[in-house]
Protein chains: 2
Amino acid sequence: MSRTTTSPPDPDRPPARPLRADAERNRQRIIAAAQEVFASRGVDVTLDDIARHAGVGVGTAYRRFANREELIDAVFEGALQHLIALAEQALAHEDPWEGLVQLFLATGQDFADDRGLREVLLEGTQGEARSAIAGERLTPAVSAVLRRAQRAGQLRDDIEPTDFPLIQLMLGAVTRHSRNVTSELWKRYLTLILDGLRHDRDHPTPLPRPALDQDEFEQTLP
Amino acid sequence: MSRTTTSPPDPDRPPARPLRADAERNRQRIIAAAQEVFASRGVDVTLDDIARHAGVGVGTAYRRFANREELIDAVFEGALQHLIALAEQALAHEDPWEGLVQLFLATGQDFADDRGLREVLLEGTQGEARSAIAGERLTPAVSAVLRRAQRAGQLRDDIEPTDFPLIQLMLGAVTRHSRNVTSELWKRYLTLILDGLRHDRDHPTPLPRPALDQDEFEQTLP
DNA sequence: ACTAAGCGGAGATCCCATCTCCACTTGATG
DNA sequence: CATCAAGTGGAGATGGGATCTCCGCTTAGT
């Protein structure tokens with residue numbers, strides 16, 4: 001990671017004078033547009049699409065962001081910080097298990113709302129190094145939440161930190177597949193998985209949203 | 001579905017004389033090659049790739065299969081029948097719960113081994129109608145296995161037939177993401193989910209293969 | 001009012017998958 | 001064995017779609 005919103009010192013290229021006011025305004029518009037387009041259609045959209053959505057010419061987009069990578073970094077830095085904040089909030093919850101559930105729910109919601117975020121942080125589609133770095137920044141906070149719930153005897157002991165992103169990946173697969181029909185279906189499977197994660201339980205926790213019926217299931221396909 | 005290996009009566013087109021021996025041999029070679037290529041690289045490969053892998057010219061491939069759809073049908077009919085057979089075997093298992101576990105494991109293995117099968121039957125990527133039809137043929141057998149385990153009080157009551165493919169979809173996401181590093185990781189999450197599916201349990205079932213460590217996790221990304 | 005910075009977007013350039021075409025080879029048949 | 005319809009290979013035509021450039025025009029800044 002480098003090249004975030006505020007450019008780091010870069011010895012070889014000229015001092016980079018500040019942008020003209022309108023240019024800076026356009027830059028922000030492009031980032032905002034990219035955020036929206038990535039969220040709904042994934043990071044694999046053309047810069048032309050983003051430019052059109054931002055109401056600027058393609059040339060402008062290419063002048064500001066030589067490649068899509070820079071744009072992706074600029075867009076997802078905020079989302080990553082939000083995820084870290086969620087983990088810290090979870091740790092502050094008085095009940096360790098409830099905090100963990102909160103974390104799964106809130107993080108899951110972020111991923112459910114943003115296809116680009118899933119692709120970049122979970123699926124690693126073309127995300128390469130980025131997801132690794134994001135993972136490194138997230139792991140400490142997430143680990144703390146998990147370990148606390150384990151120490152409280154609520155979370156099974158054989159869960160490891162890397163299970164967290166993989167569970168989110170599974171939930172993301174449900175979302176990707178069903179978002180057009182029922183946007184909440186992933187919560188059903190999260191409830192199921194949480195019942196698997198508890199250290200012990202007498203009876204199943206009721207599942208939300210009684211599954212897809214056969215017709216709905218077929219609608220998820222195209 | 002139509003146009004499987006043995007072509008059904010098709011009133012409008014000429015009686016379709018039998019292929020010459022070498023042509024028929026090539027046809028089979030192409031199907032076999034497609035099976036392998038779909039399994040390892042997904043159905044979204046070019047006919048050129050398949051032809052090369054089969055050791056025939058592109059022209060030959062296009063002469064036999066006007067579009068990739070026909071080829072996909074020819075290739076996956078067998079896999080679908082295998083899945084149905086698995087469900088029937090599961091139903092024959094003496095213990096309903098063990099039968100269910102068998103079904104999840106055996107089906108999961110089929111999907112883990114064949115990326116094309118996942119794409120066509122689970123992800124519905126370009127699979128459109130095909131997955132719906134496959135679903136219709138699979139649902140009865142799967143439902144029977146689920147209901148039997150529910151009647152035995154072993155499977156929680158709020159599970160529905162459509163949960164089955166969605167759970168497989170989740171496991172498929174794990175496989176897709178981790179196959180290069182650990183091909184068995186999906187079983188870990190299946191165990192976890194099965195612990196969520198049990199009607200009641202005192203303690204967690206030990207999870208196989210102690211998760212990815214951080215290094216391995218990072219390797220799953222590219 | 002002047003000028004450097006920025007803009008738009010048509011179109012040049014690339015890349016890649018699909019599919020055709022025809023000179024050549026081969027299996028079937030008498 | 002001779003004949004020829006059936007089949008073959010694979011170079012290249014076609015089309016589509018993404019990336020990125022270029023330059024005449026507009027605008028912010030002083």
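Lettering follows sequence order; numbering is per chain, from 1.
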Nearest-Å distance for atom pair CZ/C1', residues B:R63 and D:dA5 = 13 Å
For B:R29, which residues count as a salt bridge (Lys or Arg N to Asp or Glu O under 4.0 Å) partner, sequence neighbours excluded?
-> none
Residues 57-67 of chain B side chain polar contacts: donor-acceptor under 3.5 Å, at least two apart:
| from | atom 1 | to | atom 2 | distance (Å) |
| --- | --- | --- | --- | --- |
| B:N67 | OD1 | B:E69 | N | 3.2 |
| B:N67 | OD1 | B:E70 | N | 3.1 |

Sort me out a list of protein N/O and nucleotides 28-30 of chain C N/O pairs below 3.5 Å, or just none if empty.
| from | atom 1 | to | atom 2 | distance (Å) |
| --- | --- | --- | --- | --- |
| C:dA28 | OP1 | B:A21 | N | 3.3 |

Listed nucleotide nearest any side-chain atom of A:R64, set D:dG9, C:dC7, D:dG7 = C:dC7
Which is true for A:R25 with a 4.0 Å heavy-atom rule: it touches a base, it touches only sugar-phosphate, or it touches nothing?
-> nothing
Those residues that, when tested against A:R147, pass salt bridge (Lys or Arg N to Asp or Glu O under 4.0 Å) (two or more places apart) = none
So, is A:N26 close to the C:dC7 phosphate, meaning a side-chain N or O under 4.0 Å from OP1 or OP2?
-> yes
Roughly, in whole Å, what's the span from CG in A:L71 to P in D:dA18?
-> 17 Å
For A:H93, what residues pass the side chain to side chain donor-acceptor pair (under 3.5 Å) criterion, not counting sequence neighbours?
-> none
Listed by chain and number, what are the ring-ring contact (aromatic ring centres under 6.0 Å, His included) partners of B:F111, not counting sequence neighbours?
-> none
Table of protein N/O atoms under 3.5 Å from nucleotides 19-21 of chain D N/O atoms:
| from | atom 1 | to | atom 2 | distance (Å) |
| --- | --- | --- | --- | --- |
| D:dT19 | OP1 | A:R68 | NH1 | 3.2 |

What is the nucleic acid contact for B:R52, judged by heavy atoms within less than 4.0 Å: base, sugar-phosphate only, or nothing?
-> nothing
Side-chain (A:H53) to main-chain (A:D48) donor-acceptor, under 3.5 angstrom | no
Pairs involving residues 173-182 of chain B, ordered by first then second residue, that meet salt bridge (Lys or Arg N to Asp or Glu O under 4.0 Å) (sequence neighbours left out) = B:E123-B:R176
Interatomic distance where CG belongs to B:D49 and P belongs to D:dG10 [whole Å] | 15 Å
Contacts of B:D113 meeting salt bridge (Lys or Arg N to Asp or Glu O under 4.0 Å) (sequence neighbours excluded), chain-then-number -> none
